[in-house]
Amino acid sequence: MQPYGIQGMLKEGHKHLSGLDEAVLKNIDACKQLSAITRTSLGPNGMNKMVINHLDKLFVTNDAATIVNELEVQHPAAKILVLAGKAQQEEIGDGANLTVSFAGELLQGAEELIRMGLHPSEIIIGYNKAINKTIELLDGLVEKGSENMNVTDKNEVISRMKSAVASKQFGLEDVLCPLVAGACIQVCPKNPANFNVDNVRVAKLLGGGLNNSSIVRGMVLKSDAVGSIKRIEKAKVAVFVQGVDTSATETKGTVLIHSAEQLENYAKTEEAKVEELIKAVADSGAKVIVSGGAVGEMALHFCERYRLMVLKISSKFELRRFCRTTGAVALLKLSQPNADDLGYVDSVSVEEIGGVRVTVVRNEEGGNSVSTVVLRGSTDSILDDLERAVDDGVNTYKAMCRDSRIVPGAAATEIELASKLKEFSFKETGLDQYAIAKFAECFEMVPKTLAENAGLNAMEIVSSLYAEHASGNTKVGLNLEKGVCEDISALSIWDLYVTKFFALKYAADAVCTVLRVDQIIMSKPAGGPSRRDQPAGMDED
């Protein structure tokens, strides 16, 4: 019996979903599930999630970007939300949670409208009008005088960075922010727009507590020095990409040896050659040799004799950063370096921090190339989470170097946008006014969720916020510690304008993309081994 209709057209084993119930509402449902996961981690009191990925690595975090990255989301519609969250993380580095949760909330609103009988196209038109109006309103909420900022002023930086760090590590922001701000200001170039996030490194060392954390101008390598010399001040550095060792020739050769003397001489010439090379490096004024590969026994012996300190950095990325810190040029072969190729360090020393030997390379005068935040904590997962908070802080710094405008934080902006958009929807004629009103309502998710995560009564708080904003206090937000509504300019809780701007934009775009889908056609998955059963240790490239 030949199948008819769409079954006859497509290969067997395919799935075809169409229509409102099967496609649109199913998609919306999947996205709502995803945003329900991230939503409880929104804000300073957000809960942590335990995610175990396919390689059995454990993540304990409330950072939405990490959560959605490590969940292997299969559903195509929910994947769109994940991509929106990732885009936010790439662009700004903070606010991924707002993106995903807000998108889920918008879709929930869209579902209610569809059940009321609106067509998805009308909802999309309404949502588009609403997001354009929102961006217009957001411009009006920018704090006066915040567009010109001195990016090297620590207090200004901390006030803008605080909310981003507090949303990851509530209660520790007063310790973390000065560290991150200090590290960022040290490496900030003359033109702040060229700030490179990679120049602020994080070294995680177990033991101690967060109060023992510090900033190092320069790098912290998690390895011991190779020789017996553990400390050198104000020294020149030579960097070799290949190992410091006797080099074998490219071509194979055979040596015929007749007598014992010849054998002895053969060994001696090798020794003399190595000594000559090491002596050449020592004569050029270098006191520290950094090798990208193995350090041979004999080479090490001569390095000791000439009092050279030897470091081994096996990762080539670390090696590049080391060259950036010291201003050295990485040489390919072991040979006499020119004076221009040498780098300079103020001090290289091996220190023991919490039972781990680390090599600290300091470069105070040599300009602002790399600085490292040394984090201490009691467990690996705490350290990972602290590192994410630091990353968020650094990314926020980069964003504020490009655009330093700020808007009130602590849900004050959202409530203001909600009430203004509500007014705007009344002026619209046509069915899209319902969509605009829904869009406005969805902003309530932020204060609601913040309050719920802090264990407060959400309805009371949202209504009292609305009341305050209706009477003209546009900067009233939610003080989570006391659980009351207060003017947040006094508490100095500010969010970056760009973070909000992109988060809302990406969320609205993702939602419109999901709503535009009316049919899902899935072909039968191809045979062969699935991507999950990779051999152990393989990366996902």
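- Within the 4.5 Å cutoff, the side chain of Asp384 has no heavy atoms near those of the Phe59 side chain.
- Ile67 is listed as a side-chain neighbour of Ser41, based on a closest heavy-atom distance under 4.5 Å.
- Not counting sequence neighbours, the partners of Lys230 by the side-chain contact (heavy atoms from CB on, under 4.5 Å) test are Asp224, Ala225, Val350, Arg357.
- More than 12 heavy atoms of other shown residues, nucleotides or ligands fall within 6.0 angstrom of atom CD in Glu351.
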Does the pair Met219 and Thr326 meet the rule for a side-chain contact (heavy atoms from CB on, under 4.5 Å), with working shown? CA-CA 10 Å; Met219 289 179 73; Thr326 55; over 6 Å; no
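- Under a 4.0 Å N-O distance rule, the pair Glu416/Lys420 qualifies as a salt bridge.
- Atom CD1 in Ile493 sits 10.5 Å away from atom CG in Asp487 (nearest 0.5 Å).
- In terms of modelled atom types and a separation under 3.5 Å, the side chain of Asn363 and the main chain of Thr325 share a donor-acceptor contact.
- For the salt bridge (charged side-chain N to carboxylate O under 4.0 Å, His left out) test, no residue two or more places apart in sequence or in another chain qualifies with Lys505.
- A salt bridge is defined here as a Lys NZ or Arg NE, NH1 or NH2 lying under 4.0 Å from an Asp or Glu carboxylate O, and Glu143 with Lys475 meets this definition.
- To the nearest 0.5 Å, the span separating SG on Cys485 from CD1 on Ile488 amounts to 12.0 Å.
- Remark: Thr99 OG1 to Lys86 NZ distance equals 13.5 Å, nearest 0.5 Å.
- Annotation: side chain of Arg201 is not in contact with side chain of Val220 (no heavy-atom distance under 4.5 Å).
- The closest donor-acceptor contact from the side chain of Asn453 to the backbone of Thr40 lies under 3.5 Å.
- Within the 3.5 Å criterion, the main-chain N or O of Lys333 finds no donor-acceptor partner in the side chain of Gln242.
- Among all heavy-atom pairs drawn from Leu465 and Val476, the shortest one is CD2-O, 3.6 Å.
- Evaluation of the side chain to side chain donor-acceptor pair (under 3.5 Å) test over residues 157-166, restricted to residues two or more places apart or in two chains, returns Ser163-Asp495.
- A donor-acceptor pair under 3.5 Å is formed between the side chain of Glu173 and the backbone N or O of Gly171.
- Taking all atoms of both residues into account, the shortest heavy-atom contact from Lys154 to Pro178 is CE-O, 3.3 Å.
- Residues satisfying the salt bridge (charged side-chain N to carboxylate O under 4.0 Å, His left out) criterion with Arg321, sequence neighbours excluded, are Asp198, Glu318.
- Crowding of Arg402 atom CZ: a count of heavy atoms from other residues, nucleotides or ligands under 6.0 Å exceeding 12.
- Annotation: Lys49, atom NZ; neighbour count of heavy atoms from other residues, nucleotides and ligands within 6.0 Å is above 12.
- Scanning all heavy atoms of the two residues, the minimum distance from Ala130 to Leu421 falls at O-CD2, 4.0 Å.
- The environment of CD in Glu90 is sparse: at most 12 heavy-atom neighbours from other residues, nucleotides or ligands sit within 6.0 Å.
- At least one donor-acceptor pair closer than 3.5 Å links the side chain of Ser471 to the backbone N or O of Glu468.
- Of all non-hydrogen atoms in Cys303 and Ile289, the two that sit nearest each other are SG-CD1, 4.1 Å.
- Ser35 OG to Met445 CE: the interatomic distance, rounded to the nearest 0.5 Å, is 8.0 Å.
- Asn199 has its side chain out of reach of Cys184: every pair of non-hydrogen atoms, C-beta onward, lies at least 4.5 Å apart.
- Residue Phe443 holds its CZ atom at 4.5 Å from CG of Leu417, rounded to the nearest 0.5 Å.
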Would Lys312 and Ser223 count as a side-chain contact (heavy atoms from CB on, under 4.5 Å) here? Give the steps. CA-CA 8 Å; Lys312 181 172 163 230; Ser223 59; over 6 Å; no
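- In this structure, Ser167 OG and Asp94 CG are separated by 5.0 Å, a value rounded to the nearest 0.5 Å.
- The minimum heavy-atom distance linking Leu319 with Val241 is given by the pair CD2-CA, 4.2 Å.
- No donor-acceptor pair under 3.5 Å is formed between the side chain of Asp341 and the backbone N or O of Ala238.
- Put simply, the side chain of Glu414 never gets that close to the backbone of Pro447: no donor and acceptor are under 3.5 Å apart.
- Residues Glu444 and Glu105 fail the side-chain proximity criterion, which asks for heavy atoms closer than 4.5 Å.
- Geometric assessment of Lys500 against the ring of Tyr497 yields a negative cation-pi assignment under the 6.0 Å and 45° thresholds.
- Remark: the backbone N or O of Gly409 is not paired with any side-chain donor or acceptor of Thr413 at under 3.5 angstrom.
- Residue Gln88 comes nearest to Ala503 through the heavy atom pair OE1-N, 3.3 Å, listed as atom of the first residue, atom of the second, then distance.
- Contact of the Asn211 side chain with the Val175 side chain is registered, since non-hydrogen atoms from C-beta on lie closer than 4.5 Å.
- With hydrogens and angles ignored, the 3.5 Å screen pairs a side-chain donor or acceptor of Arg376 with a backbone N or O of Leu205.
- Sequence neighbours left out, the pairs with a member in residues 397-419 that pass ring-ring contact (aromatic ring centres under 6.0 Å, His included) are Phe195-Tyr397.
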Going by atom type alone, with no hydrogens or angles, which donor-acceptor pairs under 3.5 Å involve a side-chain atom of residues 386-394 and a protein atom two or more places apart or on another chain?
{"from": "Glu387", "atom 1": "OE1", "to": "Lys204", "atom 2": "NZ", "distance (Å)": "2.8"}
{"from": "Arg388", "atom 1": "NE", "to": "Thr66", "atom 2": "OG1", "distance (Å)": "3.3"}
{"from": "Arg388", "atom 1": "NH1", "to": "Thr61", "atom 2": "OG1", "distance (Å)": "3.3"}
{"from": "Arg388", "atom 1": "NH1", "to": "Asp385", "atom 2": "OD1", "distance (Å)": "3.0"}
{"from": "Asp392", "atom 1": "OD2", "to": "Lys168", "atom 2": "NZ", "distance (Å)": "3.1"}

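- Residues Ile406 and Val142 are not in side-chain contact: their nearest non-hydrogen atoms beyond the backbone lie 4.5 Å or more apart.
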Tell me, with the steps shown, if Glu91 and Phe501 meet side-chain contact (heavy atoms from CB on, under 4.5 Å). CA-CA 11 Å; Glu91 184 70 40; Phe501 175 86; over 6 Å; no
Would you check, one step at a time, whether the test side-chain contact (heavy atoms from CB on, under 4.5 Å) holds for Val356 with Leu206? CA-CA 8 Å; Val356 187; Leu206 268 181; 5.7 Å; no
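- In terms of modelled atom types and a separation under 3.5 Å, the side chain of Ser291 and the main chain of Phe240 share no donor-acceptor contact.
- Residues Leu375 and Val202 meet the side-chain proximity criterion, which asks for heavy atoms closer than 4.5 Å.
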